[in-house]
S.K.: 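What follows is a structure written as structure tokens; I'll ask about it next.
Letters A, B, ... mirror the listed sequences (proteins, then strands); counts begin at 1. Everything quoted here is computed from the prediction, not taken from an experiment.
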Number of protein chains: 2
Amino acid sequence: MATQLAEACPIVEVLDHVAGKWSIGIIVAAANGPVRFTELERTVEGISRRMLTLNLRKLERDGLLVRTVYPTVPPKVEYTLTDMARELYASLSGLLGWAERHRGEIACARAVYDAAS
Amino acid sequence: MATQLAEACPIVEVLDHVAGKWSIGIIVAAANGPVRFTELERTVEGISRRMLTLNLRKLERDGLLVRTVYPTVPPKVEYTLTDMARELYASLSGLLGWAERHRGEIACARAVYDAAS
DNA sequence: CTGTATCCTTAAGGATACTG
DNA sequence: CAGTATCCTTAAGGATACAG
């Protein structure tokens with residue numbers, strides 16, 4: 001195992017990278033095997049090409065995504081989750097499940113709150 | 001159980017509210033019982049008074065936090081997680097654990113990536 | 001103590017056009 | 001196909017001052 005540099009990377013910063021709207025979308029989209037750029041562009045609802053690129057680079061830099069370039073014409077690039085990211089996906093699934101189960105309740109709470117104000 | 005209005009509240013929006021840096025910090029800070037405003041201001045690292053207020057309101061509106069005002073002098077306000085939020089906290093804990101376990105690995109990955117560029 | 005109000009700065013992100 | 005580059009708009013957030 002490598003040096004780890006644990007102090008260099010506070011948890012909040014890690015979460016900030018990983019828990020963002022776009023990051024979650026990308027990780028979920030890549031959970032079932034390698035995905036291509038255009039595929040992500042279509043799958044991750046509402047993301048722009050720019051944001052997709054930026055987030056892919058960020059995730060790759062953090063060691064969550066591996067970028068594989070096939071030198072064909074036209075070019076083909078695949079993004080694959082690393083083991084670390086797969087483990088993350090398990091945690092994210094919990095979060096997603098919670099959101100799914102409670103979205104109705106949340107919508108109600110909002111309606112009540114807004115009505116009271 | 002109420003009407004649920006499920007369609008009114010897409011999962012990505014729910015996640016956006018709940019997975020933010022400040023929201024996570026507040027929920028974690030409130031996990032061990034009711035907390036007061038100033039307590040949160042000190043506990044949630046780096047949050048400003050303004051951001052704290054805004055996020056508390058948002059979480060309250062979503063039905064994750066209950067705000068209790070004690071009409072004393074000086075005033076005392078306590079924020080308590082709802083059952084729904086407690087369940088969320090369980091999921092967040094998984095995420096936090098992951099971040100804790102992999103922060104070193106992530107720092108390494110970044111160092112490698114940055115060295116290669 | 002628990003906020004609100006205002007102003008201001010920075011960063012996130014969209015739109016569009018262009019490239020290997 | 002898979003991006004990059006540029007410009008521009010909006011939203012997030014900090015600083016400060018004030019109030020119930």
S.K.: Is A:Trp22 close enough to C:dA12 that one of its side-chain N or O atoms is under 4.0 Å from OP1 or OP2 there?
M.R.: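 A:Trp22 to C:dA12 OP1/OP2: no side-chain N or O under 4.0 Å.
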S.K.: Of all the nucleotides listed (C:dG13, C:dT2, D:dG3), which has the minimum atom distance to the side chain of B:Pro75?
M.R.: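 Nearest listed nucleotide: C:dT2.
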S.K.: Side chain of A:Arg50: nearest nucleotide among C:dC1, D:dC1, D:dT6?
M.R.: D:dT6
S.K.: When the distance from CD of B:Glu41 to P of C:dG3 is rounded to whole Å, what number comes out?
M.R.: 10 Å
S.K.: Between B:Phe37 (CZ) and C:dT2 (C1'), how many Å, whole number?
M.R.: 6 Å
S.K.: Nearest of C:dC1, D:dG3, D:dG13 to any side-chain atom of B:Met51?
M.R.: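 My answer, after comparing the listed nucleotides, is D:dG13.
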S.K.: So A:Tyr79, base contact, sugar-phosphate only, or nothing? Heavy-atom distance under 4.0 Å.
M.R.: sugar-phosphate
S.K.: Return the value, rounded to whole Å, for the distance between atom CZ of A:Arg57 and atom P of D:dG3.
M.R.: 5 Å
S.K.: Please identify which of these residues, B:Arg103, B:Arg110, B:Lys21, meets the salt bridge (charged side-chain N to carboxylate O under 4.0 Å, His left out) condition with A:Glu13.
M.R.: B:Arg110
S.K.: Is the phosphate of D:dA2, meaning OP1 or OP2, less than 4.0 Å from a side-chain N or O of A:Arg36?
M.R.: yes
S.K.: Check the distance between C:dT2's P and B:Asn55's CG and give it to me in whole angstrom.
M.R.: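 It is 17 Å, rounded to the nearest whole Å.
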S.K.: At less than 4.0 Å, is any side-chain N or O atom of B:Ser48 found next to OP1 or OP2 of D:dG14? Yes or no.
M.R.: yes
S.K.: What's the closest nucleotide to the side chain of B:Arg49 if the choices are D:dG13, D:dG20, C:dT4?
M.R.: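 Shortest atom-to-atom distance from the side chain points to C:dT4.
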